[in-house]
Amino acid sequence: MPISTINTTPFEGQKPGTSGLRKKVSVFKQPHYLENFIQSTFNALGDCEGKTLVVGGDGRYYNQTAIQIILKMAAANGFAHVWVGQNGILSTPAASCVIRKYQAFGGLILSASHNPAGIDGDFGIKFNTSNGGPAPESITNQIYQQTAEISQYKISNAADIALHKLGTQSLGEMSVEVIDSVVDYTELMATIFDFRAIQALLTSSNFSMRFDAMHAVTGPYAIEILEKRLGAPAGTVINGIPLPDFGGGHPDPNLTYAEQLVTELFSDDAPDFGAASDGDGDRNMILGKQFFVTPSDSLAILAANAQYIPAYKSGIAGIARSMPTSQAADRVAEKLGIESHETPTGWKFFGNLLDANRVTLCGEESFGTGSNHIREKDGLWAVLFWLNILAVKHQSVAELVNQHWQQFGRNYYTRHDYEGVPTEQAEALIQHLQTQLPSLPKKQFGDRVVSYADNFSYHDPIDNSIAEKQGIRIGFEGGDRIIYRLSGTGTEGATLRVYIESYEDRPDRLNQDTQTALSELIELANQLANIAVLTGRTVPTVIT
Ligand code: VG1
Ligand code: CO
């Protein structure tokens, strides 16, 4: 089958961010744009001859078109074999599972996660390595370098693959295996959790739950696992049909965007348990009856109850959390006498710790939780983990969380996002904070004293790589913290994220409203960064 070599010139800004390259669909659709990035990825990886690749995406608009191009380029670059999800669908955790299971050289995941989809929405792509995890910065930097130098790409002239048809097809010399998107992932979940106990819970008349797939990729996975395998009544999964524009919604599982689920769980006859996932299936939100579990608390609670889960019953090696995630999990690690690690934002920083078996559980405040079963965060896994604990302990979500706070204290936590801030303004704000850093330690604000102020730098204990400038941290005596960083996943202007945390262990102060409990610190965070003056914003766009 003939292969064409096409001349091209570099596009500016093909720099992978927190989680791959994310741009507007209109940017990706420019002639050669996707091709340049794919060829640059292959160039950065070196010899692709005879290797195996996994390809799949979250089903958003442009997914299948992009996959056909990628398959032809993979063939032209010498790959021998590609595993691709049926209709081009693989959730991010399922892609990680498939890469590991079939020992592929790596995978291309097409997703912009919860960013809006559709012809006017966003598209994204990232490369995961053979461990199933997002490529580390050493590789993404090389890819970026290649995008700046590219002059040609290679593409096969073979016909399209029938992505709906399960089984083996060939594309020139390369074989393409179209696989069921759900089977391998479901099997993996069954090896981790006590499906029998969860089934007993989900079929009991004393328990009801709702799972909101938000018209994104998790629908088929949730229907298969929760309804078909575990016996939850039909209708447990809502918005379960993936749509190329996610139904016009914003599949970001939080109190703002998962509105339908939140309304139901906070109603008078709310179900006992509610959960939602995001565009590509790697995030999770956990709700009880009229009760919200912060992702930071969720990580700590899963860690403290890991012994109830078959896969973790002999103990967890350690816990890692991203820097802005609350310190709740650290207290659990301390009690268990295991390692705890603080890494920069983005799942790629957990990979080395997981591979070296230094940690078993990982989490981010941005509704991401996962374990060593794959190398991505995993939405449904977190939901099953919670259900397994509830099934064994016969407690409600609120009881479990309150009990945790009584034992460990509570880290009140909130994140304030200011979206669509002009980039220069956002950078000036970070600079304004940066210049204050040396003068802050020992300074007193009300009854708080600053104990450290820095721009977080991470030294990876496994490969000794260093990631600098990962966010401004202002820590106070007693553990309170304010953190500021700019998002690395947006496609329009800048998003300023302000993370605020305060620890409380007085038993009579554990049930306050979060924004009230944190009001002084929130005010201080606004003042220190001069947010109103420097951005013209007096209220955040989203509070989680
Ligand atoms: C955000 C979150 C981060 C997460 C990343 C990818 O990044 O804060 O914790 O890892 O999204 O998640 P940023 O740079 O915008 O803060 V996902 O579900 O978009 O793959
Ligand atoms: Co996601």
Side-chain angles (χ1 to χ4, degrees), residues 15-22 57-60 90-96 109-117 121-128 133-135 137 140 213-214 216-218 221 246 250-254 257-258 276-285 294-296 299 320-326 342-351 362-370 374-382 413 415-421 426 430 456 467 469-472 483-499 541-542 544:
K15 189 173 171 54
T18 311
S19 182
L21 181 72
R22 292 189 188 175
D58 61 17
R60 66 177 58 226
L90 282 176
S91 74
T92 292
S96 185
I109 302 181
L110 306 165
S111 169
S113 192
H114 57 279
N115 295 19
D122 291 352
F123 195 73
I125 183 157
K126 67 174 178 177
F127 180 74
N128 281 29
E137 287 199 319
T140 56
M214 303 184 85
V217 80
T218 334
Y221 297 86
F246 299 150
H250 196 144
D252 197 352
N254 60 43
Y257 291 123
S277 190
D278 71 333
D280 61 331
D282 57 359
R283 297 189 179 201
N284 73 92
M285 174 170 69
T294 72
S296 297
L299 173 65
R321 61 165 174 83
S322 68
M323 182 273 282
T325 303
S326 98
E342 183 175 55
T343 59
T345 293
W347 211 262
K348 59 185 171 220
F349 293 102
F350 293 133
C362 305
E364 293 192 281
E365 52 63 45
S366 53
F367 298 82
T369 337
I374 52 171
R375 294 295 180 271
E376 289 278 6
K377 54 189 188 263
D378 190 343
L380 257 182
W381 167 90
Y413 188 83
R415 181 175 108 184
H416 288 197
D417 287 341
Y418 297 82
E419 295 175 350
V421 176
I430 295 291
F456 179 57
K469 298 218 162 83
Q470 298 294 320
I472 304 280
I483 288 147
Y484 307 85
R485 58 179 285 282
L486 300 184
S487 159
T489 58
T491 59
E492 263 177 29
T495 294
L496 167 69
R497 304 202 196 284
V498 187
Y499 312 79
T541 327
V542 181
T544 50

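Whatever order the structure lists them in is the order used to number ligands and atoms, beginning at 1.
Under the 4.5 Å side-chain criterion, counting only non-hydrogen atoms from C-beta, Y413 is not in contact with T325. Looking at S322 and F349, their side chains never come closer than 4.5 Å, going by heavy atoms from C-beta outward. For the pair E365 and S326, the minimum side-chain heavy-atom distance is 4.5 Å or more. Side-chain atoms of V217 and F246, non-hydrogen and from C-beta on, never get closer than 4.5 Å to each other. P134 places a side-chain heavy atom less than 4.5 Å from the side chain of N128.
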Query - side-chain hydrogen bond (donor to acceptor under 3.5 Å, both in side chains) evaluation trace for N115 with T489 - result: CA-CA 9 Å; N115 295 19; T489 58; 4.9 Å; no
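For atom 7 (O) of ligand 1, the nearest protein heavy atom (residue, atom name, distance) is T489 CG2, 3.5 Å. For atom 2 (C) of ligand 1, the closest non-hydrogen atom on the protein side is S366 OG, 3.5 Å.
Side chains of T218 and S277: a donor-acceptor N/O pair is present below 3.5 angstrom, by distance only. Counting only N and O atoms by type, the side chains of T491 and D122 include a donor and acceptor under 3.5 Å apart. Between the side chains of D278 and S113, a donor-acceptor pair is found at a separation under 3.5 Å.
With rounding to the nearest 0.5 Å, the separation of CD in E364 from CG in D282 is 9.0 Å.
Listed by number with element, the atoms of ligand 1 under 4.0 Å from a non-hydrogen atom of S19 are 6 (C), 20 (O). In summary, the atoms of ligand 1 found under 4.0 Å from a heavy atom of D278, numbered by their order in the structure, are 18 (O). Near S113, the atoms of ligand 1 lying under 4.0 angstrom from a non-hydrogen atom of the residue are 17 (V), 18 (O), 19 (O), 20 (O). Here is the list of ligand 1 atoms found below 4.0 Å of a heavy atom in G488: 13 (P), 14 (O), 15 (O).
Computed with the Co ion (ligand 2) at the centre, the D280 OD1 to D278 OD2 angle is 90°, stated to 10 degrees.
Among the atoms of S113, an N, O or S atom falls under 2.8 Å from the Co ion (ligand 2).
Using cut-offs of 30° and 60° for the angle between ring planes, the H250 and Y257 rings count as parallel.
Residue contacts with ligand 1 for T92 are absent, since no atom lies close enough (heavy atoms, distance under 4.0 Å). With a 4.0 Å heavy-atom cut-off, ligand 1 is reached by the side chain of R22 but not by its N, CA, C or O. Contact annotation for S487 and ligand 1: heavy atoms of both the backbone and the side chain come within less than 4.0 Å of the ligand. Proximity of T345 to ligand 1, defined as any heavy-atom pair under 4.0 Å, is confined to the side chain (atoms from C-beta onward).
Comparing M323, R497, K377, E364 by heavy-atom distance to atom 6 (C) of ligand 1, the nearest is K377. Comparing heavy-atom distances from atom 11 (O) of ligand 1 across E365, H114, R283 singles out R283 as nearest.
Ligand 1 has G346 within reach: a non-hydrogen atom of the residue lies less than 4.0 Å from it. Within the 4.0 Å heavy-atom cutoff, R415 counts among the residues contacting ligand 1.
Closest N/O/S atom of D282 to the Co ion (ligand 2): OD1.
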